[in-house]
> 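Below you'll find the structure I mean.
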Amino acid sequence: MSSPIRKEPLLYMEEHRVKEDPQDYGLADDVFNMEVFKKKLQVAIVRNDEDGLEFDMIGVYPAIANAFRRLMLSEVPSMAIEKVYIYNNTSIIQDEVLAHRMGLLPLKADPRLFAYRTEESGEAGTEQDTLEYELKVKCTRRKDASKDQSNFDDIYKNHKVYSGHLKWLPKGKQAQIYSESMVNCIHEDILIAQLRPGHELDLRLVAVKGLGKDHAKFSPVATAYYRLLPQIKLNREVYGKDAYLLQSCFSPGVIGIDENECAYVKDARYDSCSRNVYRYPQLEDSVTLGRVRDHYIFTVESVGSLKPDVIFLEAVKVLKKKCRAFIDEIEAE
């Protein structure tokens, strides 16, 4: 999907510097007006599928765009393993390293269905704020394995411990509310440890609701970032070998070549703004590279417990709640 090119506000990307448009005095000098802001603000969804969410946020200040990015990373809650009780660990992995690995396993549990742990919950927690799991795996040698076999899968049983070995232990009435598929690990093939005969793991795991600002394991996104919309303008016609050379200077699909072997801007959206074109003297004056300063392209990839679009909506709710609390403090004074 190609986004409409707007004339301002722009940043020009020259060979050794980034230059502002002479007619653009900067967003910081604008007097903030709520009505004008609402008219300029646009949110356009470009892609929303299992791989992630891509959307455009247009007409906002950098601080607002960055606020949504940080909220998605740090203040949208999720469920993660917080405590690991190790009853037996004879593997080569140290207890603290094993506990850390368990904490990073992504869980399917929807954090909106659970409450935060409080002092009243006690160490064991309650069915409203805690999920419990156990991991019991013992490696043994297969009796039918011959001496000349070299494949570990044929020689040993349970020599690889995966996230799928976790077993959910319902608390209270949780079994009536949730199913195993709703609270287990998102992926069952995450390798936790490798064992040999005589090695054994016996763990009890406690998962709670938390925020990414307290620990990265609670962050619901695998990645959340934004970039400015690129703008590419051809200053003159480029033909033949130079056209193909120009095409190679940009990301695939950005520069097209027509039937006359003339280069044209096909889709500037996915350009990486590498400025490779300035390496070639015959091409450096053929294009003007820029970025639209108030057009942000967001990319959000979820860990799996919440869909990417839900994560963004939850971030909006968090920001709204913060604004409401701040306004209430001002009005109280």
Side-chain angles (χ1 to χ4, degrees), residues 1-44 46-47 54-70 72-73 223-258 262-300:
M1 173 181 176
S2 300
S3 301
I5 295 179
R6 299 186 298 152
K7 295 183 179 180
E8 53 185 13
L10 288 175
L11 290 172
Y12 293 108
M13 303 188 65
E14 298 184 345
E15 184 176 4
H16 300 295
R17 65 171 181 166
V18 176
K19 185 180 72 173
E20 294 188 357
D21 192 300
Q23 303 301 321
D24 179 14
Y25 297 100
L27 296 172
D29 295 329
D30 294 341
V31 178
F32 183 80
N33 183 292
M34 180 57 72
E35 295 302 319
V36 174
F37 173 76
K38 288 193 291 186
K39 289 180 180 178
K40 288 184 177 181
L41 175 63
Q42 299 177 50
V43 177
V46 177
R47 175 175 59 88
E54 183 181 330
F55 67 93
D56 291 3
M57 186 177 291
I58 307 168
V60 299
Y61 292 85
I64 296 176
N66 196 47
F68 284 116
R69 182 190 66 86
R70 296 187 61 175
M72 286 187 282
L73 285 168
T223 180
Y225 65 92
Y226 60 78
R227 59 192 179 91
L228 295 177
L229 176 72
Q231 184 184 97
I232 301 173
K233 179 183 176 183
L234 291 181
N235 301 323
R236 58 180 174 83
E237 293 183 339
V238 181
Y239 289 95
K241 292 183 179 179
D242 285 346
Y244 289 99
L245 181 60
L246 179 67
Q247 186 182 50
S248 68
C249 292
F250 295 89
S251 301
V254 173
I255 300 296
I257 298 177
D258 61 20
C262 180
Y264 66 95
V265 179
K266 186 177 180 181
D267 188 359
R269 178 183 181 85
Y270 297 107
D271 178 45
S272 60
C273 294
S274 62
R275 292 185 275 193
N276 284 335
V277 67
Y278 293 115
R279 296 170 57 191
Y280 306 101
Q282 70 271 32
L283 295 178
E284 61 182 358
D285 64 337
S286 63
V287 295
T288 299
L289 305 180
R291 286 196 172 191
V292 183
R293 290 206 296 113
D294 65 344
H295 190 138
Y296 296 89
I297 301 173
F298 273 83
T299 302
V300 182

> Over all heavy atoms of both residues, which pair between L234 and A263 is shortest? Give the atoms and the distance, please.
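The pair with the smallest heavy-atom distance is CD1-O, 3.4 Å.
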
> Using the rule given for side-chain contact (heavy atoms from CB on, under 4.5 Å), can you reason through D56 versus V43, listing the C-alpha separation, both sets of side-chain angles and the distance that settles it, and then say yes or no?
CA-CA 5 Å; D56 291 3; V43 177; over 6 Å; no

> Would you say L10 and R291 make side-chain contact, with heavy atoms under 4.5 Å?
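Result no, sub-4.5 Å side-chain heavy-atom pair not found.
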
> Can you tell me if R275 has over 12 outside heavy atoms packed within less than 6.0 Å of its CZ?
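Atom CZ in R275 is crowded, with more than 12 foreign heavy atoms closer than 6.0 Å.
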
> Evaluate whether atom CD of E237 has more than 12 neighbouring non-hydrogen atoms of other residues, nucleotides or ligands under 6.0 angstrom away.
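Check fails, neighbour count at 12 or below.
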
> Are there over 12 heavy-atom neighbours, none belonging to R279, within less than 6.0 Å of that residue's CZ?
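At most 12 heavy atoms, drawn from other residues, nucleotides or ligands, come within 6.0 Å of this atom.
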
> For D285 and R236, what are the C-alpha separation, side-chain angles and deciding distance, and is it a salt bridge (charged side-chain N to carboxylate O under 4.0 Å, His left out)?
CA-CA 8 Å; D285 64 337; R236 58 180 174 83; 3.2 Å; yes

> For the residue pair L246 and F250, what are the closest heavy atoms and their distance?
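Heavy atoms only, the tightest pair is O-CD1, 3.1 Å.
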
> Any side-chain heavy-atom pair from L228 and L11 closer than 4.5 angstrom?
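They are in side-chain contact.
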
> Answer yes or no: is there a donor N or O on one side and an acceptor on the other, between the side chain of E54 and the main chain of R47, under 3.5 Å?
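Judged by distance alone, no pair lies under 3.5 Å.
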
> Any non-hydrogen side-chain atom of C262 less than 4.5 Å from a side-chain atom of Y239?
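With C-beta onward as the side chain, the pair touches.
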
> Heavy-atom distance under 4.5 Å between the side chains of Y12 and T288, does that happen here?
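In contact.
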
> Can you see which heavy atom on C249 is nearest to which on Y280, and at what distance?
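That closest heavy-atom pairing would be SG-CE1, 3.6 Å.
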
> Going through the checks in order, is the side-chain contact (heavy atoms from CB on, under 4.5 Å) test met by M57 and V60?
CA-CA 7 Å; M57 186 177 291; V60 299; 3.8 Å; yes

> Mind running side-chain contact (heavy atoms from CB on, under 4.5 Å) on Y226 and N66 for me, showing each step along the way?
CA-CA 8 Å; Y226 60 78; N66 196 47; 3.4 Å; yes

> Hey, what do you get for OG (S274) to CE (M13), rounding to the nearest 0.5 Å?
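Interatomic distance, S274 OG to M13 CE, rounded to 0.5 Å: 8.5 Å.
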
> May I ask you to test the D294-Y61 pair for a side-chain heavy-atom distance under 4.5 Å?
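No, too far: nothing below the 4.5 Å cut-off.
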
> Tell me the closest heavy-atom pair linking P230 and I297, and the distance in Å.
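Between these two residues, the closest heavy atoms are CD-CD1, 4.3 Å.
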
> Closest approach of D271 and R227, non-hydrogen atoms and distance?
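Looking at all heavy atoms of both residues, the closest pair is O-NH1, 3.7 Å.
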
> Is any side-chain heavy atom of Q247 closer than 4.5 Å to one of L245?
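The answer is no; the side chains never approach within 4.5 Å.
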
> Would you call the rings of F55 and F298 parallel, tilted or perpendicular, where under 30° means parallel and over 60° means perpendicular?
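F55 and F298: parallel rings.
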
> Find the distance between OH (Y270) and CG (L229) and round it off to the nearest 0.5 Å.
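With rounding to 0.5 Å, OH (Y270) is 10.5 Å from CG (L229).
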
> What I'd like to find out is whether the side chain of R269 reaches to under 4.5 Å of the side chain of V254, using heavy atoms alone.
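Side chain of R269 against side chain of V254, heavy atoms only: no contact under 4.5 Å found.
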
> Can you name the closest pair of heavy atoms from D258 and Y264 and give their distance?
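Shortest heavy-atom contact: N-CE2, 3.7 Å.
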
> After noting the C-alpha distance and the side-chain angles of N235 and K233, does the key distance pass the side-chain contact (heavy atoms from CB on, under 4.5 Å) rule?
CA-CA 6 Å; N235 301 323; K233 179 183 176 183; 4.3 Å; yes

